Amino acid sequence: MPLPINRTLVLPPGFLCLPNQPTRLCTVIASGVAVTVYDRRQCLGGVGHFSHPKRMGGVSTPDFAAPALVGLIRMFTKAGSDLRHLETYLYGGADNPAAPGFSGCRGMQNLQVGREILGKLGVRIAGSDVGGRFARKLVFYTGTGESMLAKVTDIEVDDWYPPPVSLASVWD
């Protein structure tokens with residue numbers, strides 16, 4: 001029997017979320033990559049959403065692939081998850097040359113780096129819906145690991161190639 005969902009959270013790029021109760025997590029993904037992780041043994045799920053493949057200027061936030069993925073997996077292991085029981089999916093990594101800020105296949109670079117990092121962490125990728133020219137809207141149910149995905153063309157222009165999130169802007 002599915003667990004009741006008591007809340008919905010919208011997760012912008014540059015953030016991680018591993019709720020302690022069943023939650024509906026929603027995000028819009030374009031050139032960035034959203035990674036859903038689900039531990040079937042604990043019925044525990046979370047999402048990380050990064051927009052940039054490599055850190056810039058010494059900044060280390062979840063807006064970049066390595067801090068996002070290492071941070072998300074660390075959250076699971078601290079919650080008692082065993083890496084062997086994690087089910088991981090990748091979404092996004094699209095590229096839109098017509099969008100302002102297009103920067104030479106950032107979507108594909110995000111995917112490549114994300115896959116490399118998950119491999120180094122020993123986390124198996126169970127599936128993906130990636131690439132192409134369409135953005136995606138994702139709804140992930142943390143208590144069941146189920147997701148709904150829609151490929152879309154109508155998103156905010158700034159969602160395609162957002163600048164890195166600064167910690168100052170988050171706390172202001």
Side-chain angles (χ1 to χ4, degrees), residues 1-53 61-94 107 110-119 121-156 158-160 162 165 170:
M1 177 174 190
L3 301 170
I5 296 173
N6 297 323
R7 65 183 175 167
T8 298
L9 298 175
V10 177
L11 190 69
F15 286 84
L16 313 173
C17 189
L18 179 59
N20 60 1
Q21 62 182 292
T23 303
R24 183 182 301 112
L25 296 178
C26 306
T27 193
V28 176
I29 317 141
S31 64
V33 173
V35 178
T36 64
V37 181
Y38 186 69
D39 181 337
R40 289 207 176 276
R41 295 212 179 200
Q42 295 196 77
C43 296
L44 182 68
V47 173
H49 185 173
F50 62 91
S51 296
H52 301 275
T61 69
D63 201 38
F64 304 97
L69 295 174
V70 170
L72 184 62
I73 299 306
R74 185 173 291 149
M75 291 165 73
F76 272 89
T77 58
K78 283 186 176 185
S81 294
D82 184 316
L83 294 180
R84 295 173 298 167
H85 302 139
L86 298 182
E87 186 174 283
T88 305
Y89 288 83
L90 301 177
Y91 300 97
N110 280 329
L111 289 168
Q112 179 184 0
V113 172
R115 286 180 173 132
E116 285 175 20
I117 292 166
L118 289 171
L121 292 171
V123 177
R124 180 181 67 86
I125 299 170
S128 63
D129 189 300
V130 297
R133 301 229 184 266
F134 288 100
R136 291 155 173 88
K137 292 186 179 182
L138 173 69
V139 179
F140 178 70
Y141 298 91
T142 66
T144 63
E146 297 171 316
S147 60
M148 293 189 307
L149 183 75
K151 291 184 179 176
V152 296
T153 55
D154 188 20
I155 65 170
E156 299 293 323
D158 293 341
D159 285 340
W160 272 105
V165 174
V170 172

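This is a predicted model, so every value here is computed, not measured.
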Taking side chain to side chain donor-acceptor pair (under 3.5 Å) as the definition, give me every residue that meets it alongside [X], ordered by chain and number, with sequence neighbours left out.
| X | result |
| --- | --- |
| Thr88 | none |
| Arg115 | none |
| Tyr38 | none |
| Gln42 | Asp39, Ser81 |

For [X] against [Y], the heavy-atom pair lying closest together:
| X | Y | value |
| --- | --- | --- |
| Pro19 | Gly45 | CD-O, 3.4 Å |
| Cys26 | Thr8 | SG-CG2, 3.8 Å |
| Ala65 | Val113 | CB-CG1, 3.7 Å |
| Gly131 | Leu111 | N-CD1, 4.0 Å |
| Asp63 | Phe50 | O-CB, 3.6 Å |
| Pro62 | Gly14 | CB-O, 3.5 Å |

**Asked** Ser147 and side chain to side chain donor-acceptor pair (under 3.5 Å): which partner among Tyr89, Tyr141, Tyr91?
**Response**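 Among Tyr89, Tyr141, Tyr91, the one meeting side chain to side chain donor-acceptor pair (under 3.5 Å) with Ser147 is Tyr91.
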Quick one: pull up [atom1] in [X] and [atom2] in [Y] and give me the separation to the nearest 0.5 Å.
| X | Y | atom1 | atom2 | result |
| --- | --- | --- | --- | --- |
| Leu83 | Leu121 | CG | CG | 7.5 Å |
| Ser51 | Phe64 | OG | CZ | 9.0 Å |
| Ile117 | Leu72 | CD1 | CG | 12.0 Å |
| Ile29 | Asn110 | CD1 | CG | 11.5 Å |
| Cys17 | Met75 | SG | CE | 6.5 Å |
| Leu118 | Leu69 | CG | CG | 5.0 Å |

**Residue pairs involving residues 69-92 (criterion salt bridge (charged side-chain N to carboxylate O under 4.0 Å, His left out); sequence neighbours excluded)** =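 Output for this query lists Arg40-Glu87, Asp82-Arg84.
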**Item:** Pairs meeting criterion salt bridge (charged side-chain N to carboxylate O under 4.0 Å, His left out) with involvement of residues 122-140, two or more places apart
**Value:**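 Sorted pair list: Asp129-Arg136, Asp129-Lys151.
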**Request:** Please report the C-alpha distance between Leu138 and Thr36 in whole Å, then the side-chain angles of each, then the deciding distance to 0.1 Å, and finally whether the side-chain contact (heavy atoms from CB on, under 4.5 Å) criterion is met.
**Result:** CA-CA 10 Å; Leu138 173 69; Thr36 64; 3.8 Å; yes
**Message:** Is it the case that the side chain of Thr23 and the backbone of Leu25 share a donor-acceptor pair, with hydrogens and angles ignored and the cut-off at 3.5 Å?
**Reply:**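 No, because the side chain of Thr23 does not come within donor-acceptor range (under 3.5 Å) of the backbone of Leu25.
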**Val130 backbone acceptor or donor facing Ser128 side chain under 3.5 Å** =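 Looks like no, no N/O pair under 3.5 Å.
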**Worked verdict on Val10 versus Thr27 for side-chain contact (heavy atoms from CB on, under 4.5 Å)** = CA-CA 6 Å; Val10 177; Thr27 193; over 6 Å; no
**Prompt:** Hey, mind stepping through Cys43 and Thr144 against side-chain contact (heavy atoms from CB on, under 4.5 Å) and telling me if it holds?
**Reply:** CA-CA 6 Å; Cys43 296; Thr144 63; over 6 Å; no
**Request:** Take Phe140 and Val47, measure what side-chain contact (heavy atoms from CB on, under 4.5 Å) needs, and give me the verdict at the end.
**Result:** CA-CA 8 Å; Phe140 178 70; Val47 173; 3.6 Å; yes
**Prompt:** Hey, does Val37 have a side-chain heavy atom less than 4.5 Å from the side chain of Ile73?
**Reply:**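 Side chain of Ile73 against side chain of Val37, heavy atoms only: contact under 4.5 Å found.
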**Prompt:** Heavy-atom distance under 4.5 Å between the side chains of Arg24 and Leu9, does that happen here?
**Reply:**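 Contact flag for Arg24/Leu9 side chains = no.
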